[in-house]
Student: 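Sending over a structure as structure tokens; questions will come in a sec.
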Amino acid sequence: QRAFLNFLVERIGASPRLTDGSWKSGDQTPCVSRSEMVDEFIDTRLDGVADNERSAERRRARVTANDKIDALIAKGRLGVHHGTGKDWIWLCP
């Protein structure tokens with residue numbers, strides 16, 4: 001989970017997206033779309049994977065990413081906002 005959390009820190013820190021933060025304190029909060037984060041994680045996992053193995057590896061990577069995000073949310077390391085059509089995640093202090 002630490003490696004995945006570092007992956008999130010790097011991606012969220014580089015994200016120009018800010019939401020209105022109204023579900024939190026009203027301050028703008030650096031965050032990223034959960035689905036975009038999962039897609040980026042999958043892309044990093046597919047480096048060097050043969051084309052005929054990509055669909056199976058993509059499924060495994062999606063499950064792994066979502067499980068890790070859910071675990072980090074449960075531990076209070078990530079916040080989540082279930083928006084219309086998108087879930088937004090951010091790092092909790």
Side-chain angles (χ1 to χ4, degrees):
Q1 282 184 356
R2 179 166 298 286
F4 188 73
L5 186 58
N6 290 338
F7 176 81
L8 287 172
V9 167
E10 184 178 298
R11 296 310 190 276
I12 290 174
S15 176
R17 291 181 201 83
L18 296 173
T19 67
D20 67 1
S22 59
W23 64 88
K24 251 183 124 177
S25 64
D27 297 331
Q28 291 188 331
T29 305
C31 58
V32 67
S33 158
R34 180 179 179 146
S35 61
E36 289 175 17
M37 181 60 50
V38 169
D39 289 342
E40 285 184 39
F41 178 73
I42 290 170
D43 290 343
T44 63
R45 292 282 299 263
L46 294 182
D47 286 345
V49 175
D51 287 342
N52 62 341
E53 296 174 11
R54 284 189 176 254
S55 62
E57 182 62 25
R58 181 171 288 281
R59 282 191 301 276
R60 281 192 294 273
R62 183 170 301 283
V63 168
T64 298
N66 279 305
D67 287 349
K68 289 182 183 301
I69 289 170
D70 289 340
L72 290 166
I73 290 168
K75 289 180 178 180
R77 303 295 305 270
L78 291 179
V80 63
H81 171 67
H82 302 291
T84 306
K86 277 191 180 182
D87 285 353
W88 295 96
I89 54 176
W90 63 89
L91 299 169
C92 292

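In what follows, every heavy atom counts, from backbone to side chain, and hydrogens, waters and symmetry copies are set aside. Predicted, not measured: the structure shown is a model, and the values here were computed from it.
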Student: Taking all non-hydrogen atoms of both residues, which atom of Leu91 and which atom of Val9 are closest, and how far apart?
Tutor: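 So the two residues come closest at CD1-CG2, 3.7 Å.
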
Student: Looking at Glu40 and Phe7, what are the two nearest heavy atoms and their distance?
Tutor: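 Looks like C-CZ, 3.8 Å.
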
Student: Can you name the side chain to side chain contact (heavy atoms under 4.5 Å, CB included) partners of Asn66, sequence neighbours left out?
Tutor: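 If we apply the side chain to side chain contact (heavy atoms under 4.5 Å, CB included) test to Asn66, skipping adjacent residues, the hits are Arg34, Val38, Arg62.
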
Student: Give the minimum heavy-atom separation between Ala65 and Phe41, together with the two atoms involved.
Tutor: CB-CD2, 3.4 Å

Student: What pairs with Ala56 under side chain to side chain contact (heavy atoms under 4.5 Å, CB included), at least two apart in sequence or on another chain?
Tutor: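 Scan of Ala56 (side chain to side chain contact (heavy atoms under 4.5 Å, CB included), adjacent residues dropped) gives Arg59, Arg60.
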
Student: Going by the rule side chain to side chain contact (heavy atoms under 4.5 Å, CB included), which residues pair with Ser35 if we only count those two or more places apart in sequence or in a different chain?
Tutor: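 In terms of side chain to side chain contact (heavy atoms under 4.5 Å, CB included), with neighbours along the sequence ignored, Ser35 is linked to Ser33.
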
Student: After noting the C-alpha distance and the side-chain angles of Asp43 and Arg58, does the key distance pass the side-chain contact (heavy atoms from CB on, under 4.5 Å) rule?
Tutor: CA-CA 8 Å; Asp43 290 343; Arg58 181 171 288 281; 4.0 Å; yes

Student: Is there a side-chain contact between Leu8 and Ile89, using heavy atoms and a 4.5 Å cut-off?
Tutor: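 Side chain of Leu8 against side chain of Ile89, heavy atoms only: contact under 4.5 Å found.
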
Student: Drop me the distance from Glu36's CD to Trp88's CH2, to the nearest 0.5 angstrom.
Tutor: 6.0 Å

Student: Where is the tightest heavy-atom contact between Cys92 and Gly76, given as atom of each residue plus distance?
Tutor: CB-O, 3.2 Å

